[in-house]
Structures are given as structure tokens and as C-alpha cells.
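Working notes, structure below.
This is a predicted model, so every value here is computed, not measured. Residue numbers start from 1 in every chain, and the chains themselves are labelled A, B, ... in the order their sequence lines are given, proteins ahead of strands.
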2 protein chains.
Amino acid sequence: MKKVTITDIAKLTGYSIKTVSRVINNEPNVREETRRKILRVIEEHNYSVNLLAKALRNSETRTVILFIDRRRGKYWNEWHDLMLKSFMVKLKERGYKVIISPSSGEEMINNDADGFHLLKSGLADGAIMFDVISNDCRVNYLRANNIPFVIIGKDKDFNDTAFVDLDNYLVGYIGAEYLIKKGYKNIVLFLGPKVFNVNRERAKGFEDACKKHNTAHSIYYGLSTIKEVYKMTHILLERAVVDSFFISGDDKALGAYRAIREKALKIPENVAVLGIDNLPSSEYMYPPLTSIDQNVEKFSEKAVNLLIEMMHSKKKSPQRIILTPKIVERQSV
Amino acid sequence: MKKVTITDIAKLTGYSIKTVSRVINNEPNVREETRRKILRVIEEHNYSVNLLAKALRNSETRTVILFIDRRRGKYWNEWHDLMLKSFMVKLKERGYKVIISPSSGEEMINNDADGFHLLKSGLADGAIMFDVISNDCRVNYLRANNIPFVIIGKDKDFNDTAFVDLDNYLVGYIGAEYLIKKGYKNIVLFLGPKVFNVNRERAKGFEDACKKHNTAHSIYYGLSTIKEVYKMTHILLERAVVDSFFISGDDKALGAYRAIREKALKIPENVAVLGIDNLPSSEYMYPPLTSIDQNVEKFSEKAVNLLIEMMHSKKKSPQRIILTPKIVERQSV
DNA sequence: CTGAAAGCGCTTACAG
DNA sequence: CTGAAAGCGCTTACAG
């Protein structure tokens, strides 16, 4: 069954390709009767525009690529899931298709399936980038080629790129202060891989607050899974000095909860746990997790608006939006 | 900055478009020296193939669409996230790009951003469909137009479609039997929306097992969020006859856990909770959740293999793969 | 080993 | 209100 094309419709109706094209695109200057006739034939033959051909002609695809770091999904956590869904709903509302590409900023894969390659070859109009690292090869390339993109996170390398970010320094800072004010004296911060800017910023804010208040503290990088957090919590509780865990990613807090219970300690009486992300499920943990919220909906809304603006205007006016984190108090601290 | 095309490279090197094309596609019959020369110019000018044009010519896009039900993500749960990631990794390994489209089977949206429309217009070679309903409009269309697709779930409407599914009848059946054998006497099953085939099948298996063993039971549909499960658990515990909750979707079990605790009841001594999905976090719940596993990796692997086979052969040989669920015993029953 | 021509399905000026 | 021609960037026969 061959696909029916605009030429077929033209032949079938006796009109020219151009007239059919006018009807399809709802352009003026077509007699009402002609329009009706053509529409009927289109309907009958179940014709629909070949987006490929259209995009080739217009050099506009109405597609956006979302880059998320690969590592086989290891670093792709529940916050990413939440953001993803939010982006997809919002972009679709605005008439954009979404391609998701697991690519990292560390190396450029020369593979037709790599989202990076898609952008080079004109299969998308713009990009949203997660998990940016220093000297990110994707950023370098997109910037050099004038392809519109918005970074989720800060960009330290250039000052002419657009980004939306949570104030991650502040996340670390207010988290530490909150624990300190509640009377905890030995705080541990668990973070994901050190390559990601976000983690280094949280660490900085955390450290500054602890130093200011002269509080014992330590930082552990590279804890990406619930299991790793579980094991590390056990190890640290062995030493019996830590009295509070500050965990980047609520989804991993469950690992700490379990280790703490296994040591027969009580949350928050003996040990506090403070999360980051404020996931929907955190409220249902036992005890309900106190966490630092980052308003996913607002985050994605800002990024989508920014990107669409950039794709339309094509002029460079890099905006940088910083969102403020907020502690949501529950019962784990 | 205009994008450099194959014509530019041809002019720049003095060779014909065709020869350049040969080099790009690694075809034989090019003198080594010619190849080197052309490759150098390609490199210098940062040329890359326009996938749009290539796809138009080849009528192959190497793209697969993943359909997930919309409803603003309400029914899109953690199991979907897991499957999604698994699909993306596997499809990428095979050289396919992934477009994710939140579309439901209930209505056909006439919007360029709807994944459904993308398929009609040749922007993808095949599709994987989640959350299929009876008389699903996407299935009807794809089938009528000979577009390769694999359903995640059973198809009751046609017998010439391909699908991979968990044996959901068995899920309901073994879940109920497991609870009954552990001595529970009044079982409640929580399910998502009734429109989805998967939920109706689980209900059927559950009911059959309960009837066989003459056990008191009831089924509640439309529980899609952790909050809804939380509230409903409270309501049912009020009546104080229910002694076990069988919950479709581990991520929602946390809601039941909380309600049970708030009634000062113990899991599993007073009330049992049995989940479905066996999510990574279930092991870390308190108490660790007993759940029915469905092997996400195997699931997606089968579906990807099936789809790729169909896209290549183009011949109709609908395969139907049924996976067997397995109870993973932990401490909540 | 290399190339000129035709065409994938559409739209953009331009002409009538 | 309608249409013929050119072209988007590529590949597929075909010819030499």
C-alpha cells in the first residue's frame, strides 16, 4: 500500500499541486467549492502531509531534543522523570514534538541515533540539556553552530548561553543551616558524580554554611543509587559520630532510612535525614521526609518559554533564570 | 551561518555529488586518495548529512515512537519510567532514535505534535504502544496502514497484531492465592482505570482465585496515585474487615503503608500489602515490600526485537509473547 | 573508479 | 482564484 501524496490528490481532483497545498495549509485564495472538493478527496484517501518533505523545504521541524546523560540510566533519577513528563506535556501544548536522547557531555558519539547527531543534521530546531558538565562537548558544538538551546543547570564556561537553574549553592547552604539550627552536630552530604556542576555547587553551599557555624561535616560524591546510599549510610553509622544525612535526591533517602532502622536508630530523634527534590512520594515515607523543593512545573515552564523564544527570534539574548529552593518541613529532621 | 551541504563539499573538492555521497556512506568504488581528500574537506567544514533529506529519499527514518497515555501524566507511573529508560537504551544500541509521544487511544488528536500524526506522516518507521484500550484508535489506524508496531499489553480486538505482555491474569491469580495461603481472609485489590486492558485482566485472575478459595474480596478501579491509594486505604480500614491490600503498582503501596500505620496496625501481622512491579525502591520500604516482578529488561528486549524484525521484513507474522510473573517474597505479607 | 539525471514530497516566489 | 517551475539535500539506477 503506497502512501498517497499531494501529487495523487492533485491528479485525483484535477487541481494543481499548489492548490492542494493551499488547502492543506489553510491558506486563503481558494474558492470555497474547490476547498471542499479537495478536502473530501483528502479525507477519502486518508492523505496526510509528509512531515519530512515539509521540514526539508521549510528547514523547520518543530521538534525539540531533550538530552539526558546516559550511563545506562544510572544517573537518570526520579527528578529527571518528573522533569521529562513536565517538559513533554508543555512542549506538546506548544506544538512541538519531543525526541529524548541519552547522551553525555563527555564524548561525542558518532552514531545516527545520538541526539547530538540529530541536531547537527537538522532533525530538530532546538535542545534542552540536562546534566551539563564543565567543557560540555554538546554545549560547545551547539553554541558554535548557533542552534538554540537551554541548559538545565548553570553554565560556567560561557556567558552567552541561556539557562534555567535552581540556586544549588543555596540548596546546600540552607540545607546545612536548617540541620545545624535543629541542633545536629555532624552532618554528611551525599551527592551524585562530581562531574556534574550541580553537585559541586551544592557541596560549596553546604561547606560554607558548615564552616560558618563551625559544624563537623563531610561530603561524599558518586552516590547515584538507593543501594549505594544504603551501604554508605551503614558504613558511616558504624563510626557512630554522624547524626544527620543530607541527601541529594529524595529517591535515595529510602536507602538511608533502611540503614538507620537496621542500626535500631530513630529518625529524627537519633539521626536526621534531609532530602532534595521533594518528590511526590516523600510525603508518604515513614517518617515523612523533610526535603528541599524545586518546583518542577515552574522550572520546566521557564525553560520551555525561553527555548521557544530563542527558536523564534533567532537573535542572541541569553537569559539566565535562577529559581529559589524552599524547605518543605516534615518529620525526618 | 548556512549549513554546508553535500553540494558544497562536491564543489569544494571538485568531485561530483555522487562521489561525495559514496564517501559519506562508506560505499566501495572510490579511490583511496579521493576518499581521503573528500573526508578532509568534510572535516574542515564540519559537514554532516541532513537526515531529513536522507530519510525523504530512503523513506526510512530509523526512528521509533513510544506512545504513552497522556492524562497529563496521571497514569504514567514509575513502571512506565523504567520501561522507557530500558527501551531508550536498547533502541539506541540498535541505531534507532526515540520519539516519545503522550497520546491516548481514546481520541485522535489532529495536531502536528501528536505522535499519532507523526506516524501518519512518515516521521517514524514503527511504534511501541503502551496503555492500550479496547478499540484503540491508534491500533486501528496503524494496522490499517501497515505500519509496524508492537503493543505492550494484550490486544483483544485483532489477532494479527504483535504484542508482548505480562500474563496479567496470572498476576491477579497468583497474587490472590499467595495472600490466601498466607491466611488472609479479606482481600482488596487496587487497580488503575478500568479502560486499560491490563487492569481488567488482573481483576479477572484475582476474582477467579478468590472464588475458587471462597475468600472474601473486593476490587477498586481508578486508583492512579499514591494519594488516592492512601485515602482509600483509610476508608476501608475504617470498616475494619480488610486484612490485606493487593496493589497494582509498587509506587502506590507507600500510600497504603502510611494509612495502615496511622491506624496503628502492623504490616504484615495485622494487615498485609502485596505490590505489583517490583520496583527498585520496594526493597527499601519498611517493611520491604513483597511484590510481583515482571522483568522489565526482558520485557523491553522482546518488544524491541519484535519491532525491529517487523520493520525489516515488512511481512506480517504477528508474534505474541507472554511473560510469566514471579512473586518476590519480602516482609510485607 | 566517477558522474549526469531524475526524483523523494513538499513550498516559495512568480506569473497569469 | 489558480498553476508551472525551481529547489530543499540527498540517493538510486544507469552509463561510461
Side-chain angles (χ1 to χ4, degrees), chain A residues 1-39 41-42 45-63 112 117-125, chain B residues 1-39 41-42 45-63 112 117-125:
Chain A
M1 200 181 100
K2 236 191 112 307
K3 270 214 61 113
V4 20
T5 71
I6 195 171
T7 317
D8 299 330
I9 301 294
K11 279 195 194 124
L12 250 22
T13 54
Y15 288 94
S16 74
I17 297 183
K18 181 56 207 165
T19 302
V20 176
S21 168
R22 284 201 184 87
V23 172
I24 295 166
N25 294 294
N26 255 312
E27 282 168 35
N29 298 331
V30 183
R31 237 192 327 166
E32 251 328 296
E33 200 196 321
T34 311
R35 191 183 296 274
R36 266 202 306 275
K37 272 189 199 162
I38 293 179
L39 279 177
V41 177
I42 285 179
H45 293 260
N46 202 6
Y47 165 78
S48 69
V49 180
N50 181 322
L51 252 30
L52 236 41
K54 190 170 181 169
L56 177 57
R57 204 43 259 248
N58 294 345
S59 57
E60 190 207 48
T61 60
R62 290 233 135 211
T63 301
D112 272 11
H117 194 247
L118 299 187
L119 232 26
K120 288 177 73 170
S121 39
L123 225 65
D125 302 338
Chain B
M1 202 180 99
K2 239 192 108 310
K3 273 213 59 115
V4 20
T5 73
I6 195 172
T7 317
D8 298 330
I9 301 294
K11 278 194 195 126
L12 250 20
T13 54
Y15 289 94
S16 73
I17 297 185
K18 180 57 207 166
T19 301
V20 176
S21 168
R22 284 202 183 87
V23 171
I24 295 167
N25 295 294
N26 256 312
E27 283 168 34
N29 298 331
V30 182
R31 235 190 331 162
E32 250 330 294
E33 201 196 321
T34 311
R35 190 182 296 273
R36 265 202 307 277
K37 272 188 201 163
I38 293 179
L39 280 177
V41 177
I42 285 180
H45 292 261
N46 203 5
Y47 165 77
S48 68
V49 181
N50 182 321
L51 253 31
L52 237 40
K54 191 169 181 170
L56 176 58
R57 203 46 257 248
N58 293 346
S59 56
E60 189 205 50
T61 59
R62 290 233 135 213
T63 301
D112 272 12
H117 193 248
L118 299 186
L119 231 27
K120 288 178 73 171
S121 40
L123 224 66
D125 302 339

Would you mind pulling out the nucleotide paired to D/dA13, Watson-Crick or G-U wobble, both distances under 3.5 Å? none

Counting just side-chain N and O atoms, does B/Thr19 come under 4.0 Å of either OP1 or OP2 of C/dG3? yes

With a 3.5 Å distance limit and no angle check, can you tell me whether A/Asn25 reaches the backbone of A/Glu27 through a side-chain donor-acceptor pair? no

Using a heavy-atom cut-off of under 4.0 Å over every strand shown, decide if A/Ile24 touches base, sugar-phosphate, or nothing. nothing

Candidates D/dT12, C/dA4, D/dG9 - which lies nearest the side chain of B/Asn58: D/dT12

Whole angstroms only, please: what is the CD1-C1' distance between B/Ile17 and D/dT12? 13 Å

Using a cut-off of strictly less than 4.0 Å, decide whether A/Thr34 has a side-chain nitrogen or oxygen near OP1 or OP2 of D/dT2. yes

Can you check whether B/Thr7 has a side-chain N or O nearer than 4.0 Å to OP1 or OP2 of D/dC10? no

Nearest whole angstrom, please: distance from the P of D/dG9 to the CG of B/Leu52. 10 Å

I'd like to know if the side chain of B/Ser21 reaches the main chain of B/Ile17, judged simply by a donor and an acceptor atom lying under 3.5 Å from each other, with no hydrogens or angles considered. no

Figure out the NZ/C1' separation between A/Lys18 and C/dT12, and round it to whole Å. 7 Å

Starting at atom CD of A/Glu60, determine the distance to atom P of C/dG9, rounded to an integer number of angstrom. 22 Å

Distance-only donor-acceptor test (3.5 Å): side chain B/Arg22, base C/dG3: yes

Would you say A/Ser16 places a side-chain N or O within less than 4.0 Å of OP1 or OP2 belonging to D/dT2? no

Whom does D/dA4 pair with, Watson-Crick or G-U wobble, provided both distances fall under 3.5 Å? none

Taking it one step at a time, do B/Glu32 and B/Arg35 satisfy salt bridge (charged side-chain N to carboxylate O under 4.0 Å, His left out)? CA-CA 5 Å; B/Glu32 250 330 294; B/Arg35 190 182 296 273; 3.5 Å; yes

C/dC1, C/dG3, D/dG9: which one has an atom nearest the side-chain heavy atoms of B/Tyr15? C/dG3

Quickly work out the B/Asn29 CG to D/dC14 P distance and round it to whole Å. 16 Å

Report the distance from atom CZ of B/Arg31 to atom P of C/dT2, rounded to the nearest whole Å. 5 Å

All heavy atoms of A/Tyr47 vs all of A/Val4, minimum pair found to be CD1-O, 3.1 Å

Rounded to whole Å, CG of B/Asn25 lies from C1' of D/dG9 at a distance of 13 Å

Heavy-atom nearest pair, A/Thr5 first then A/Asp8, reads N-OD2, 2.8 Å

What is the distance, rounded to the nearest whole Å, between atom CD1 of B/Ile6 and atom P of C/dG7? 19 Å

Check every atom of C/dG3, C/dT11, D/dG9 against the side chain of A/Lys54 and return the nucleotide holding the closest atom. C/dT11

